[in-house]
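Reviewing the structure listed below.
Predicted model, so just to flag it, every value in this text is computed and none were measured.
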Amino acid sequence: MKNNDPYHWLETIEGPESLDWVKAENQLTENLLSKHPQFLQTKHFVKQVMTDPSKIPYGWFKDDWYYNIWMDEKNPLGVLRRTKAEDLPKLSWQVVFDVDSYSQIKNQKWTIKSFEINPYDPSKALLSLSPGGKDECEIYEFDLEKCEIRPGGFFTSVSKQWASWQSADSILIHRGNPNSSGYPRNLYSLELNHKGPWPDPLHVLDQGFVMAHSYTEEVGPQVLRNFLSVSEDFFKTQYFEVRYHHELKMISSPENSYFVGCWNGGFLFFLNKDWQSFKSGDLLWRPENELSYQRLLGHESNQFVQFARVENQRLFVECLNDTLSSVYELMPDGSKKRLLIEQEEASPMADLHLSSFDSQRNRMTLIRSSFFEPESVWIQDPNGPWKLLFKGVAYFDPSPYKIEMHWAQSLDGTKVPFKVFARKDQNYPAPCWVHGYGGFQASLSLNYQPLITESWIKEGGIYIQAHLRGGCEFGPNWHQQSLKMNRRKCFEDFAAVIQEAQRLQLTTPEQTLIEGRSNGGLLVGATACLYPELMGAVICGVPLLDMERYHHLLAGASWAAEYGTIDDSEEMRNYLLSYSPYHQVEKAKHLPEFYIYTSTYDDRVHPGHARKMAAKLKSQKHSVYFFELLEGGHKGHLEPEAGAHSYALRISFAKEKTNYVPR
């Protein structure tokens, strides 16, 4: 079938013509936006935050150690390091792997993709390294006693792949035979000293399925079991236990559920849809050798289960109540205990999240996060008091600021929550930055935001976080209400939030900027095309925008359960094109000004979406700024310098296009 898209050539990621176009657009954008009077000040502050030696060393426990991946001025690509867990909060770091040194040797920039210590033999690990921040990686066997890649040890070349430990000397590795999303279909069981041709696959993923993952779970003291998940799409998954002699034993599970793990002599499942007498969002348990299910927890009042995790046979659950997260421990007798740390009741506008678990000492850490207050990490020995482990750097005084919760009414009558972040003495109407995502069952949480506070809110802007359908703030049904033929409900929710903010006279259309990245890039692109009168500017990051071709580009086919594709039916085709930003541009007489950014080596969302949209907007005389990082994957940057530069360009655009005047 002939492709009639005049900008199809921009999908050639490294084509000379494409890259020449990218570099010319980058230069034009930098020439215009780097002249903003606060550009250098913003860039300096962003880099300071990214490289601050006093920031929290977030990490994880394993055996006697606490591990952390650290980036700073000296190591912009990062080091993997560790300190003795028993000494915390005292820190005496030992470098395990230096990414900057490795990159110098290889004459290419690399990042750590994953690091998995062998639960059967803690002297070994699997180190996955990504070239340029891609999803692709190479995998090495790593010696944790000598802190080096094991000479002559296990190695696989760069590919989309992932691996887990099967025993002290073997791994399960997903690699090769890619499906339409580019993810591996073959699962191998491989001895670490394997030489010669690879064995026959242990399992081959069906062509229409999205992906498979293997993992090891500790189901009791010194008792380890290997599991395999096989996903038809992001929401339909089958589960197997990988047993001796490579036997795969299917685990019976409810339809549309995910397997949480083993607990109390049975299996745990989280329901994504109603099933039998149980409701979407229920956490279910059944004895391992029986099929009778018991509901442990679910929707109660306005509280929804968000996440469950088993550690040392202790079951922890995160719940959301009006979009705010709290944590519980569920007991085998069915009772539950809410985990509270100091400050929680005195300062309720904060989220509490599970962090890491020290299995050697049966103690856990929680992270408390809020928008205007530095994050803190707390640790608790069994039944002991919570103790402050780490406190984040305070970059500003939180006392002049406030957080307000509001509700908007969407087109179909649904109430949609949004939070407003502003100064207590803010004058209205004001320049307004509205952020949203609305997809893939991902909820927006409260995180400390020194960058947006210092560069936007401090001198007179307001910031809005919109909790749209497509997320999971109110359970899986909140997500499912905007799938496929209902996708526009997410855009309607976003428009309703903007309209309510303007009705409350917090801002005006000319002062409103909307921003989102990835699926959020689709959100803001579609909303701008469908409701151009509501905003003056758009920041659209690493977006998917061509809904006719998205499933043919990189990992796009794996998102078909979220959006549907034009191949499903003529009705589905017409629906997708009715909001596809790349196609709606042609119908628009007036659009807000766009800032579109992407990354050349984003191997998840194809940079062609952003490139083609910018080219088409320009061809139709709409105002658009385009910037493409020439390194980095979907994350968008590898090093703090590049990240700070990119962020400062976006802030300059936001201020120029919303009539932002510092107070």
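- Side chains of N272 and Q441: a donor-acceptor N/O pair is present below 3.5 angstrom, by distance only.
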Checking Y239 against F267 for the ring pair (Phe, Tyr, Trp, His ring centres under 6.0 Å) test, could you report, in this order, the C-alpha distance in whole Å, the side-chain angles of both residues, the deciding distance, and whether it holds?
CA-CA 11 Å; Y239 298 93; F267 294 144; 9.8 Å; no

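- Note that CG of D282 and OG of S277 are 8.5 Å apart. Values are rounded to the nearest 0.5 Å.
- Aromatic ring orientation, Y67 versus F115: tilted (interplanar angle from 30° to 60°).
- When E241, E218, E217 are each tested for a salt bridge (Lys or Arg N to Asp or Glu O under 4.0 Å) with R225, only one passes: E241.
- Taking 4.0 Å as the cut-off between side-chain N and carboxylate O, E311 and R309 count as a salt-bridged pair.
- Classification of the W110-Y102 ring pair by plane angle, with boundaries at 30° and 60°, yields perpendicular.
- Rounding to the nearest 0.5 angstrom, the gap separating the CG atom in D603 from the CG atom in L554 is 6.5 Å.
- Aromatic rings from Y293 and W275 are positioned such that their centres are separated by under 6.0 Å.
- Checked against F270 for a ring pair (Phe, Tyr, Trp, His ring centres under 6.0 Å), the options F235, Y258, F278 give a single hit: Y258.
- Side-chain atoms of S325 come within 3.5 Å of backbone atoms of L352 as a donor-acceptor pair (strictly under, hydrogens ignored).
- Of the possible polar contacts, none joining the W65 side chain to the R81 backbone as a donor-acceptor pair under 3.5 Å is found.
- Looking only at distances, no side-chain donor or acceptor of Q166 sits under 3.5 Å from a matching main-chain atom of H246.
- Using a distance-only test at 3.5 Å, with no hydrogens or angles considered, a donor-acceptor pair links the side chain of H606 to the main chain of E11.
- Side chains of S443 and Q306: a donor-acceptor N/O pair is present below 3.5 angstrom, by distance only.
- To the nearest 0.5 Å, atom CD of residue E232 and atom CD of residue Q238 are 7.5 Å apart.
- Of the residues listed (Y328, W378, F316), the one engaging L339 in a side-chain contact (heavy atoms from CB on, under 4.5 Å) is F316, and it is the only one.
- No hydrogens or angles considered: nothing links the side chains of S92 and T83 as a donor-acceptor pair under 3.5 Å.
- Sorted by first and then second residue, the salt bridge (charged side-chain N to carboxylate O under 4.0 Å, His left out) pairs with a member in residues 171-181 form an empty list; sequence neighbours excluded.
- Between W559 and Y550, the two ring planes are parallel [angle under 30°; tilted spans 30° to 60°].
- For the atom pair CG (L88) and CG (D358), the distance works out to 8.5 Å, reported to the nearest 0.5 Å.
- Taking CG of L320 as the start and NE2 of H299 as the end, the distance is 11.5 Å to the nearest 0.5 Å.
- Residue D135 forms a side-chain hydrogen bond (donor to acceptor under 3.5 Å, both in side chains) with just one option from K160, R604, Q161, H634, and that option is R604.
- Taking the six-membered ring where the residue is Trp, F240 and H203 present tilted rings, their angle falling between 30° and 60°.
- Among the candidates D63, D64, D381, the single residue satisfying the salt bridge (Lys or Arg N to Asp or Glu O under 4.0 Å) test with R361 is D64.
- With hydrogens and angles ignored, the 3.5 Å screen pairs no side-chain donor or acceptor of K109 with any backbone N or O of S103.
- Here the CZ-CE distance, from R185 to M211, works out to 14.0 Å after rounding to the nearest 0.5 Å.
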